[in-house]
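Worth saying up front: this structure is predicted, and the values here are computed from it rather than measured.
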Amino acid sequence: MAQKKTSIKKTSKKRKTVSKKSSVKKGKVSVSATGLIALCGGVIVCCMVLLLATTIAERRPEVSETGTAKIQPEPDHSSKAKPAEKKAEKSSSKNQASQNALPDKSKGKTPSPQKTEQKPQVAEKVKSEASGIAAKTPQQASEPKAKSREELKQEPDPKPANKVQQAEGGRPKTETKKSDFNFPHAVNHAQLCLLLDDGGQNLSDLQKFLSLKIPLTVAVLPKLRDSVSSAQAVRASGYGELMLHQPMQAVNLNVNPGPGAIKPDMSSAEIRNLVLENLREVGPVSGINNHEGSLITADISQMETVIDVAHRQGIYFLDSRTNVETKVPYVSRELGYGWYERNGYFLDNQKTRDEFLKELRKNLDIANKTGCVIMIAHVWSADYMPALIREVYPELVAKGYSFTTVGKSRGLKN
């Protein structure tokens, strides 16, 4: 019995020793405080190492096939602060804007997608937490220092500058376009004399021609409402040459040449007095030409009186050549006087644009052959002809033609 008790005591002592060393109780597992602290520390260390490795992996730039680093833009979190209405925009525009938006290091702000059109060059820095050194890509290292956004705003847009240069350089297209008329070039600066007959009937019509401000000759009829005012307007223009448009009887006796006309039954003295009276009304003038007069210009005696009066007044006579039987060349040579004559075509026999251009081309051919053409139009064509003259004038001058008056032209005959 004593041995049994002794063995029991030893056994119990061994059990107590085991329980103290292992601190194990039946049905429960207990850990000492030191072991618990060590375990928690190990878990924390592992988590920090994992977090650090993950951060470095995310920050590390991708490497392209050529070996250069691809810099990924940092995510733009400014979209979270946008109002609700901006969330309805298309996802594609948001993605494009977020890719173009780069952080502004100088201001510490991220530019909104609306300002990404300027695309300033910003050096992207990749932080290496292992070494603590900021590295630049090879491409960024070779580029010059990027300009700030304020400098870019102040610089002018190159596109508008190009437009201004195009507008300032050269002439507008309307001025440099190809010719619409294709007139022949002038030979030896051929002269163009435009003679406007029937002045004195309407002053406002005459003013339309005078507003062209080109050399022209105006023949004013006597004894009409606007005869005196028309003559004054021609002299005051500084461009016009004034003539007396002397009415004369036509072959057709039913044609009324108007007041102050020379009639077949007039004597030489009556013709002289009438012409001088008309000259006093509209003069001073540079010359005289006939209005109608196909009958009178074919009469030697009557034309001797008219041409002699003109010569004594120091003015010329121009034959409008209303009759192929005219005696003006013969009488002038007999008297030893020079004279002018219409050698061109009438421009307004038909009041159309096509007729004007057709007759003008014929007159240009005459000017190139003879050196000068005297062509006749009428003041009553003011409803369309001044606009046509204004249209063709620049090209005629560019082709070498010169506009002049009858008295200054090469058209004098002798």
Side-chain angles (χ1 to χ4, degrees), residues 193 195-201 217-224 227-228 230-231 234-235 241-253 255-344 346 374-376 378-379 405-409 411-414:
C193 297
L195 172 56
L196 295 173
D197 276 351
D198 295 354
Q201 294 181 340
T217 302
V218 181
V220 176
L221 290 164
K223 304 184 183 306
L224 299 178
S227 295
V228 176
S230 295
V234 173
R235 286 191 293 265
E241 179 185 46
L242 181 62
M243 296 178 61
L244 169 63
H245 198 31
Q246 175 60 54
M248 301 180 185
Q249 182 61 53
V251 173
N252 184 357
L253 298 179
V255 175
N256 181 9
I262 299 174
K263 300 296 183 67
D265 56 352
M266 282 185 175
S267 65
S268 176
E270 291 175 329
I271 294 174
R272 184 180 300 273
N273 292 334
L274 178 63
V275 173
L276 291 174
E277 181 182 343
N278 293 338
L279 286 174
R280 285 192 294 269
E281 180 184 8
V282 301
V285 299
S286 298
I288 301 174
N289 74 327
N290 56 293
H291 171 66
E292 298 293 346
S294 55
L295 180 61
I296 302 301
T297 56
D299 188 286
I300 295 176
S301 175
Q302 291 179 325
M303 287 313 301
E304 282 182 352
T305 303
V306 174
I307 294 175
D308 184 68
V309 171
H311 176 71
R312 292 179 181 275
Q313 296 297 316
I315 59 180
Y316 59 82
F317 184 86
L318 182 141
D319 184 6
S320 298
R321 295 192 67 85
T322 56
N323 186 350
V324 294
E325 301 296 332
T326 177
K327 298 299 186 290
V328 172
Y330 172 77
V331 172
S332 297
R333 290 191 182 99
E334 289 295 318
L335 295 176
Y337 302 149
W339 81 98
Y340 292 91
E341 65 180 17
R342 174 186 64 85
N343 63 338
F346 285 87
I374 298 175
M375 47 191 174
I376 293 181
H378 297 85
V379 174
T405 58
V406 173
K408 296 180 181 179
S409 71
L412 183 63
K413 304 290 184 178
N414 48 39

Distance (rounded to the nearest 0.5 Å) between I296 CD1 and T326 OG1 = 11.5 Å
Just wondering, do Q201 and V379 contact through their side chains at under 4.5 Å, heavy atoms?
-> no
Dump the intermediate steps for side chain to side chain contact (heavy atoms under 4.5 Å, CB included) on Q313 and V285, then the final yes or no.
-> CA-CA 10 Å; Q313 296 297 316; V285 299; over 6 Å; no
Sequence neighbours excluded, which residues qualify as side-chain hydrogen bond (donor to acceptor under 3.5 Å, both in side chains) partners of D197?
-> N289
Heavy-atom donor-acceptor pair, Q302 side chain to P264 backbone, under 3.5 Å = yes
Within the distance-only criterion (no hydrogens, no angle test), does the side chain of N278 pair as donor or acceptor with the backbone N or O of G260 below 3.5 angstrom?
-> yes
Between CD of E304 and OH of Y330, what distance do you get to the nearest 0.5 Å?
-> 8.0 Å
Between the CG atom in L221 and the OG atom in S230, the distance rounded to the nearest 0.5 Å is 9.5 Å
Measure the spacing between CD of E241 and OG1 of T217 and express it to the nearest 0.5 Å.
-> 4.0 Å
Begin with the C-alpha distance, continue with both residues' side-chain angles, and end with the deciding distance and a verdict on side chain to side chain contact (heavy atoms under 4.5 Å, CB included) for D308 and Y337.
-> CA-CA 9 Å; D308 184 68; Y337 302 149; 3.5 Å; yes
Taking only residues two or more places apart in sequence or in another chain, which ones pass side chain to side chain contact (heavy atoms under 4.5 Å, CB included) with R342?
-> R321, F346, I376
Using modelled atom types only, decide if a donor and an acceptor are shared between the side chain of S294 and the backbone of V251 within a distance under 3.5 Å.
-> yes
Is there a donor-acceptor contact under 3.5 Å from the side chain of K413 to the main chain of G411?
-> no
Can K223 and E277 be counted as an ion pair, charged N to O under 4.0 angstrom?
-> yes
Name the one of E292, Q246, M303 that satisfies side-chain contact (heavy atoms from CB on, under 4.5 Å) with I262?
-> Q246
Can N290 and T297 be counted as having a side-chain donor-acceptor contact under 3.5 angstrom?
-> no
Can you tell me how far the OG1 atom of T322 sits from the CG atom of L295, to the nearest 0.5 Å?
-> 9.5 Å
